[in-house]
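Working notes, beginning with the structure itself.
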Amino acid sequence: MAIYAGSKNIPAAYEFVRFMTTAEAQAKIAKEISLLPTRTSAYSNPDVQGNADVAVFKPIMDTAVPRPWIPEGGQLFQPLLEGYQSLVGGKSGPADMLKAVDEQYRGIMKDWS
């Protein structure tokens with residue numbers, strides 16, 4: 001979230017951000033619209049655990065790491081986009097899609113380890 005420096009009511013904007021980032025508000029949002037909470041503590045809320053679309057991501061969030069900040073980072077999105085389109089369009093299966101993305105990634109990051 002961001003607050004515009006020229007806002008006419010910065011205190012209210014700060015209060016809104018504070019509210020939206022509480023574990024309780026994030027749990028309610030997760031329950032209602034399946035948005036993943038950004039607060040780890042929200043995942044222990046029964047409303048979050050009760051939403052199957054959100055709860056399935058908990059193990060992933062526990063082991064996730066940010067992508068590396070490398071100059072080639074922006075190039076990583078196109079192979080995934082093309083892979084998703086191929087998969088959803090029925091032109092490839094999951095294993096073939098992952099293999100194609102892997103090959104493209106190895107070309108993009110050939111000097112990175």
Exercise. Near F57 CZ, under 6.0 Å, is it more than 12 heavy atoms from other residues, nucleotides or ligands?
Worked result: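 Incorrect, the count does not exceed 12.
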Pairwise distance [atom1]([X]) to [atom2]([Y]) - rounded to 0.5 angstrom:
X	Y	atom1	atom2	value
N9	I3	CG	CD1	10.0 Å
Y105	L80	OH	CG	3.5 Å
D47	E24	CG	CD	11.0 Å
L35	K28	CG	NZ	14.5 Å
Q75	I108	CD	CD1	5.0 Å
Y14	S7	OH	OG	9.5 Å

Under 4.5 Å between side-chain heavy atoms, counting indirect links through other Ile/Leu/Val/Met/Phe/Trp/Tyr residues: same cluster for [X] and [Y] or not?
X	Y	value
I33	F16	yes
F19	V17	yes
M1	I29	yes

For this session: Show your working on side chain to side chain donor-acceptor pair (under 3.5 Å) between T21 and Q26 and close with a plain yes or no.
Result: CA-CA 6 Å; T21 56; Q26 289 195 3; 5.7 Å; no
Atom of [X], atom of [Y] and distance for their closest heavy-atom approach:
X	Y	result
A55	P59	O-CD, 3.8 Å
L87	G93	CD1-C, 3.6 Å
S92	M97	OG-CB, 3.7 Å
A42	A23	CB-O, 3.8 Å
A5	I10	O-CD1, 3.6 Å

Problem set entry | Side chains of P79 and D102 in contact at under 4.5 Å (non-hydrogen atoms) |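 Side-chain contact under 4.5 Å: no.
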For this session: For V54 and K31, run side-chain contact (heavy atoms from CB on, under 4.5 Å): C-alpha distance rounded to whole Å, both residues' side-chain angles, the deciding distance at 0.1 Å, then the answer.
Result: CA-CA 8 Å; V54 175; K31 177 184 176 186; over 6 Å; no
Exercise. After noting the C-alpha distance and the side-chain angles of R18 and T22, does the key distance pass the side-chain contact (heavy atoms from CB on, under 4.5 Å) rule?
Worked result: CA-CA 7 Å; R18 187 202 61 74; T22 63; 3.8 Å; yes
Exercise. Got a donor-acceptor contact below 3.5 angstrom from the N51 side chain to the A30 backbone?
Worked result: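 Looks like yes, one N/O pair under 3.5 Å.
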For this session: Examine distances only and state if a side-chain atom of Y43 and a backbone atom of P37 form a donor-acceptor pair shorter than 3.5 Å.
Result: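 Yes: the side chain of Y43 pairs with the backbone of P37.
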For this session: Take R106 and E103 through the salt bridge (charged side-chain N to carboxylate O under 4.0 Å, His left out) test and state the conclusion after the steps.
Result: CA-CA 5 Å; R106 289 178 189 277; E103 288 171 1; over 6 Å; no
Problem set entry | side-chain contact (heavy atoms from CB on, under 4.5 Å) assessment of Q104 paired with E82 | CA-CA 11 Å; Q104 290 181 359; E82 293 170 8; 3.7 Å; yes
For this session: Start with the C-alpha gap between N45 and V48, add the side-chain angles, then the distance that decides, and say whether side-chain contact (heavy atoms from CB on, under 4.5 Å) holds.
Result: CA-CA 5 Å; N45 185 297; V48 176; 4.1 Å; yes
